[in-house]
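Working notes for the structure below.
Values in this document were obtained by computation on a predicted structure and should not be read as measured data. By convention in this document, chain letters (A, B, ...) are assigned in the order of the sequence lines, proteins followed by strands, and residues within each chain are numbered from 1.
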There are 2 protein chains.
Amino acid sequence: MSTATPPDADDAHDGGASPAMHERVLEAVGSAIAAGSLPPGSRLTLEGLQQEYGISRTVARDSMKVLESMNLVYSRRRVGIVVQERRLWNLFDPKLVRWRLGSVRRDIQYSSLTELRIAVEPIAAAGAARRASAAERARLVYLAAELRRLGEAGELEAFLAVDIEFHCLLLQSCGNEMFTALEGMVAEVLTSRTQQGLMPFKPRNEALQAHEDVAVAVARGDAVAAETAVHHILDEVRNAMGLH
Amino acid sequence: MSTATPPDADDAHDGGASPAMHERVLEAVGSAIAAGSLPPGSRLTLEGLQQEYGISRTVARDSMKVLESMNLVYSRRRVGIVVQERRLWNLFDPKLVRWRLGSVRRDIQYSSLTELRIAVEPIAAAGAARRASAAERARLVYLAAELRRLGEAGELEAFLAVDIEFHCLLLQSCGNEMFTALEGMVAEVLTSRTQQGLMPFKPRNEALQAHEDVAVAVARGDAVAAETAVHHILDEVRNAMGLH
DNA sequence: TGACACCAAAAGATAGTATCTATGGCTCGA
DNA sequence: TCGAGCCATAGATACTATCTTTTGGTGTCA
């Protein structure tokens, strides 16, 4: 105990259960850029960050290095840290997706993701039909049945959870690591859709049937049928987006 | 060399345009992880990195922060910096894609990307049909004609360049920023396919026709036709991958 | 006596602070 | 136009604080 441990009441300024200082800064600056309140061309300096957030140079540097690796900023001597044009951002970085979903630009990010989902999921289902394990196939069938049960009972919240698991399982079992990496984003989209009230109160029978068709097709190993059935699931989403 | 700041004659590697020290370390460690020579669970320490690469703590930290933000590693006190399981990597980070394409795991990355392309491009074409500018539509038609000319002349290299521009233009004009962000990856895949000799010496007439169909459909604003025509382009690729 | 469980202290590593030198590249004035 | 000067990052170094794994010691029970 000799090790001092000064009670140091002023530890409080640290924000208590602080999730690491540099994360706080990263979140603050990153989301400001994502939201557009720090538009492309804006300049920051390490000095300024240190003062604004009460941090040391190291922490400021760490945060900026991460933003730089996401191509949200670049830094040049004598100039400082400059916000990049949007076109160059790493739009697939999960942190950036999260920031954008939390900003006023929500809608753009949401529709981009939905379109991505429309693109990827059918192919993922085809992959799953070819490569899923026996356990995964069985689970898909089970989840589809659960979806019908919960959907017909109108239990939207439980329905959402199972729906997420269903779609994520497809992405996991499709044998394409990059598709699997989209799991979190699909979960976000589905959650968001329900929260925004874009889901019908009771899922349409066609949608429930389509989920069952997907599960059966994957279980049978019928890639073409699986792909087609997922298209049917997503047609509803497409219509909601005003496509087709 | 001691620690004392030698102007560093031995910094020969620095010869001229040195891409910043921390990038060198980032590249070295990152590609080692991507290639699997630092398997998940491996441990590094800042101390070790400093000695191995002859860098200061600052640089070592910067590099690790970037790898951490890509989820390639995590760091814990008392343990060091630990390589993450593959499942958690940010597989869409362009740096990681590049490292993987440059490693012995090339093939996995290549087929993941190809499948992604199969998924995304049809939807991108549909988007382009709806939202492309007049200039973009015209350019697509021009590029399709160029493709036929070069294809029939057997000029594979020029054909590749135009093919890349064609597909990238689709991604740019589709109105979905996330699709646009995949441009670089599609270019990689197409280049790689030609380099690997996976292209027929003369592009098949069906493929040339399909490109023209895409261009015309986009120009007319016919989303469904554009999507279908891209499917035809990619069928060849699908077959080459043993899908369907 | 030996084996096991539990607790406390040591040690090893990052997290963060503070400060210094080197260098590139704007800006402005002659 | 060209050069001096200044500003801000790049990078180095040396701390302190803190977390957490290891390890070793102690006590209890078979």
Atom CZ of B:Arg77 and atom C1' of D:dT20 are separated, to the nearest Å, by 10 Å
Please compare A:Ile81 and B:Val79 by the position of their nearest nucleotide in DNA chain D and report the one closer to 5'. A:Ile81
Counting heavy atoms from C-beta on, name the nucleotide in D:dA17, C:dT19, C:dT17 closest to the side chain of A:Ile55. C:dT17
Distance check: side-chain N/O of A:Thr45 vs OP1/OP2 of D:dC7, anything under 4.0 Å? no
Find the distance B:Arg61:CZ to D:dA10:P and express it as a whole number of Å. 15 Å
Check the distance between D:dA10's P and A:Leu46's CG and give it to me in whole angstrom. 7 Å
Of the candidates C:dA15, D:dG11, D:dC6, the side chain of B:Ser56 sits closest to D:dG11
Salt bridge flag under 4.0 Å for residues A:Arg87 and B:Glu177: no
At what distance, to the nearest 0.5 angstrom, does CD of A:Glu165 lie from CG of A:Leu140? 9.0 Å
Any donor-acceptor pair under 3.5 Å joining the side chain of B:Arg78 to the base of C:dA11? yes
Distance in angstrom units between B:Met64 CE and D:dG11 P, rounded: 14 Å
Report yes if at least one side-chain N or O of A:His22 is closer than 4.0 Å to OP1 or OP2 of C:dA15; otherwise report no. no
With the threshold set at 4.0 Å, does a side-chain nitrogen-carboxylate oxygen contact exist between A:Glu23 and B:Lys65? no
d(OH, A:Tyr74; P, D:dT9) in whole Å: 13 Å
Atom CG of B:Leu44 and atom C1' of C:dG12: how far apart are they, to the nearest Å? 16 Å
Can A:Glu146 and A:Arg149 be counted as an ion pair, charged N to O under 4.0 angstrom? yes
Would you give the length of the straight line joining atom CD of B:Glu157 to atom CG of B:Leu150, rounded to the nearest 0.5 angstrom? 11.5 Å
C:dC26 phosphate, OP1 or OP2: any side-chain N/O from A:Arg76 under 4.0 angstrom? yes
Rounded interatomic separation in angstrom, taking CG from B:Leu67 and C1' from C:dT14: 16 Å
Nearest whole angstrom, please: distance from the P of C:dG16 to the CD of A:Gln50. 14 Å
Would you say a side-chain N or O of B:Ser75 is under 4.0 Å from OP1 or OP2 of C:dA15? yes
